[in-house]
Amino acid sequence: MKYTLLSLLLLLVLTLNAENKHSFLRQHGTSTSLVVNNKPFIVLGGELGNSSASCIDDIERIFPKLQRMGLNTVLVPAYWDLTEPREDEFDFTLTDKVINQARENNLKVIFLWFGAWKNSMSCYAPQWFKEDYKKYPRSYTKAGKPLEIASAFSENVFLADNKAFTKWLSHIAETDKEYGTVIMIQIENEIGMLEDARDYSKDAERLFKSQVPQTLTSYLVKNRKTLHPDMIKKWGVNGFKSNGTWVEVFGDDIYTEEIFMAYYYASYIERMARSARNIYDVPLFVNAAMNSRGRKPGEYPSAGPLAHLIDVWHCASPTIDFLAPDLYDKGFSEWVAKYHLNNNPLFIPENRLGNNNGVQAFYVFGEHDAIGFCPFSIEDGSDLPSYPLTQSYNKLNELMPLITKYQGTNTMNGLLFDSENKERVLLRDGLKITARHFFTLPWDPRSTNGSVWPEGGGMIFKLNKNEYIVAGSGIVLVFENENENKVQKSLGEDGFVEAGGKDIINEGWKGGSRIGIASVDEVMVNKDCSFKYIRRLNGDQDHQGRHVRIGVDEFKILHVRLYEYK
Ligand code: DGJ
């Protein structure tokens, strides 16, 4: 009884505390989801190009466009050089403008602190900092060449960066507390060493030759069962040692240097994150440039918040809520899977801007319980209503109450197809759902005339037995009984049996029930998750009950009811 009362009290305190915050992460089933102004939220976002928030006129011009494009959130750089142009003199004009313009255009803001590091480099540090390189030292290559990368080992660098960051954030806290326009903060941008895998400055050398801090070895020992497979492999090389120098514990190669560097970058970020948490309690994250194209540490920004370094980052920077990938290379679905981990929700702060963004967004929310998706340089997109991202965001915005309700329940799947990956089979509750690219159907000339197939994709979620939502663009789905044995004659494009029709497959009919389409309705989703009927799609629009489909040039939400017959 005593314990029950205590737990209730604790729950009450936690709930009240959560309600005081305008933006926070919470566990929902198997997923981590975002809550904004007390409602579950997904970020339908876009990140501004690097220089687009450095000019009042640009901010004024761009934000209304973003609203027309269907965004609910904009990711905006905050520049150290323009915030503290002279040491100890602060100017928040741009930040205020961003927040006000966002409010006027019904947008939330995620600020990116371009402080000591931006894409590895320190180009956003103010001139007074850059010039005083004795006080604010750089990193060095193995050959002793100084880089325009501030040293993560310098207390002076940290103090200067952190001072500007905390002043700036305190200003936001003062002006935004009541409104909650700023919903997350990214600290620095794409941290990482270039040219070599680690810094070779004097301080770095000394620490590299010292013992691995016990914080890290204890963390590895304690979390051994759940470590990232790459970390297990690396740590296992020298027999899972719990003390020793970096080389003794992890071996003598550049990947050990990367782990070392990650530990110290993350330790620096942890101090920034703690400052932030005490000032304005919103989710905090760091973003990473990918280790793609066969590059090695130092060729890609070494030691950034990459998936294979997640344990080092978690250990040294526990206040950071998640690591976020910036995606510009091929293999979108493989990259996103690497960052949706049991201990890391998926949030994509940067994705290459393109006509496939609309279906990519559907995919990550459906397949990975993502909390946000944001193409980069979003202001270069179109604000025509037919722009794929705009169509997609408008539908996802409608779907948000349903998506957030079903996040973490393992009832959703994402679909993503191109001309190479055309099909995916889902087995769910006795059903075999075969989803394909829309151009696997013969009716659109672009499917066979050599045109590049636009990507198709979407999401499917089960509402009840035999009741599904299918949404997205450029997809076709067939529903069958999982155990149905196949007897199928070759059909013409009209669905009739071809003259003299031969069996394309004949496993012999052994009885059992079949699945039919009872109805396919195009719907709008209301805020309470109920549906508003738009139109019935039957006859030619569902191939006389054979499939459910959405064309490549449109985004739709379909409410599908199935039935069984014998
Ligand atoms: C990733 C960075 O995080 C962005 O700021 C930008 O530089 C893009 N790359 C490339 O334009």
Side-chain angles (χ1 to χ4, degrees), residues 43 45-55 58-59 62 66 71 73-83 94-95 98 109-125 147-150 152 161 165 168 184-195 262 265-266 268-269 272 284-293 295 297-307 309 313 320 322-332 335-336 338-339 346-357 360 364 370 372-381 389:
V43 173
E47 180 168 324
L48 291 189
N50 291 165
S51 304
S52 298
S54 66
C55 162
D58 291 348
I59 298 170
I62 290 168
L66 302 182
L71 275 72
T73 306
V74 56
L75 279 68
V76 189
Y79 317 102
W80 184 10
D81 57 348
L82 296 179
T83 302
L94 292 168
T95 296
V98 165
V109 174
I110 296 176
F111 271 118
L112 324 167
W113 175 247
F114 284 9
W117 300 290
K118 154 73 174 68
N119 299 27
S120 301
M121 309 294 285
S122 299
C123 51
Y124 282 97
L147 301 168
E148 207 191 47
I149 299 180
D161 188 9
F165 178 63
W168 167 77
M184 287 203 244
I185 304 282
Q186 176 190 293
I187 305 184
E188 314 291 348
N189 191 82
E190 291 193 352
I191 284 170
M193 257 302 277
L194 280 176
E195 300 200 25
Y265 273 137
Y268 180 111
I269 293 301
M272 302 274 286
L284 302 167
F285 67 98
V286 278
N287 66 328
M290 293 298 95
N291 44 343
S292 55
R293 308 187 206 176
R295 287 173 164 144
E299 293 169 356
Y300 67 77
S302 171
L306 287 154
L309 300 168
W313 275 87
I320 286 292
F322 53 86
L323 317 184
D326 293 346
L327 301 176
Y328 291 88
D329 287 316
K330 284 191 179 144
F332 178 79
W335 285 113
V336 291
K338 283 186 196 199
Y339 286 83
L346 179 65
F347 177 77
I348 304 162
E350 292 180 41
N351 192 77
R352 185 180 291 284
L353 186 70
N355 283 334
N356 54 355
N357 291 157
Q360 287 175 324
V364 295
F373 177 80
C374 318
F376 179 73
S377 211
I378 188 68
E379 66 277 26
D380 295 337
L389 186 70

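Both ligands and their constituent atoms are indexed starting at 1 by order of listing. Numbering starts at 1 and runs along the sequence shown.
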Report each N/O pair between ligand 1 and the protein that falls under 3.5 Å, naming both atoms.
from     : atom 1 : to   : atom 2 : distance (Å)
ligand 1 : 3 (O)  : N189 : ND2    : 2.8
ligand 1 : 3 (O)  : E190 : OE2    : 3.3
ligand 1 : 3 (O)  : E350 : OE1    : 3.1
ligand 1 : 3 (O)  : E350 : OE2    : 2.6
ligand 1 : 5 (O)  : N50  : ND2    : 2.9
ligand 1 : 5 (O)  : K118 : NZ     : 3.0
ligand 1 : 7 (O)  : N50  : OD1    : 3.4
ligand 1 : 7 (O)  : K118 : NZ     : 3.1
ligand 1 : 7 (O)  : N119 : ND2    : 3.0

Note to self: Using 0.5 Å steps for rounding, measure from the CG atom of L66 to the CG atom of L48.
What the structure shows: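 It comes to 6.0 Å.
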Taking ring pair (Phe, Tyr, Trp, His ring centres under 6.0 Å) as the definition, give me every residue that meets it alongside F285, ordered by chain and number, with sequence neighbours left out.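 Per chain and number, F285 pairs via ring pair (Phe, Tyr, Trp, His ring centres under 6.0 Å) with F322, F347.
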Can you name the residues that form a ring pair (Phe, Tyr, Trp, His ring centres under 6.0 Å) with W313, not counting sequence neighbours?
->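 For W313 there are no ring pair (Phe, Tyr, Trp, His ring centres under 6.0 Å) partners, ignoring immediate neighbours.
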Out of the candidates I110, V43, I348, only one should pair with C374 under the side chain to side chain contact (heavy atoms under 4.5 Å, CB included) rule; please name it.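 Option passing the side chain to side chain contact (heavy atoms under 4.5 Å, CB included) with C374: V43.
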When you compare the side chain of Y265 with that of V286, does any pair of heavy atoms fall below 4.5 Å?
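In short, these two side chains do not touch, never coming nearer than 4.5 Å.
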Counterpart residues, salt bridge (charged side-chain N to carboxylate O under 4.0 Å, His left out), relative to D380 (two or more places apart):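 Applying salt bridge (charged side-chain N to carboxylate O under 4.0 Å, His left out) to D380 gives none.
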